[in-house]
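Inspection log for the structure reproduced underneath, given as structure tokens.
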Amino acid sequence: MGFCIFNNVAIAAMHALDAHGLSRVAVIDFDVHHGNGTQTVAEKEPRLFFASTHQAPLYPGTGAVEETGVNNNVVNAPLPAGAASGQWRRAMETRVLPALDAFAPELILVSAGFDAHKADPLAQLELETEDFAWAGRELRKSALQHCQGKLVSTLEGGYDLGALAGSAAAYLAALQRD
Ligand SMILES: [Zn+2]
């Protein structure tokens, strides 16, 4: 809805289902904005799972807890402006990751936006670079547990270039760590 022309992750997810015959694809979205386009696809597609942490209220205004898709295949964890590491990690640990594990994906796609970093000028979450490394470690664990490590990350938001570079590098290093 203004930030992208094509929704790369949603297209990839549908391609994995329809062209490659997968039956369960998960999308994890930690971009600070709600992934409303991905949710629009997932909420009528039970072969998809979509979970998002995001600031609310904030553009685009969707992503309430009550938006749960079909068979609860959509999990929204909105966080208020000012929420920092502890609150975000709790949302991941108590809502996003358990639901991801219960879904038992054959492929995990990540909408890896880094605009929840405290230095980002477009939003007011207060994440640290190390939080993205933590997310990488947790998602790597799930990928190894459920889908032989099959995880694809797509770069999304991040509008402070220093924070974006540092966070993306920390996230990728954590994904690759043994
Ligand atoms: Zn964003």
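As the structure lists them, so they are numbered: ligands from 1, and atoms in each ligand from 1. Here the structure is a predicted model, which is why all the values come from computation and not from measurement.
With sequence neighbours left out, Phe114 forms a ring pair (Phe, Tyr, Trp, His ring centres under 6.0 Å) with Phe30, Phe132, Tyr171.
With 2.8 Å as the limit, Asp115 counts as an N, O or S neighbour of the Zn ion (ligand 1).
Put simply, the residue from Gln39, Glu67, His54, Gln55 that forms a side chain to side chain donor-acceptor pair (under 3.5 Å) with His34 is Gln39. If you run side chain to side chain contact (heavy atoms under 4.5 Å, CB included) between Leu48 and each of Met14, Glu43, Arg24, only Met14 comes through.
Taking the Zn ion (ligand 1) as reference, Asp31 places its N/O/S atom OD1 nearest. For His33, the N, O or S atom with the smallest separation from the Zn ion (ligand 1) is ND1.
Side-chain contact annotation: Asp131 with Ser85, donor-acceptor N/O pair under 3.5 Å present.
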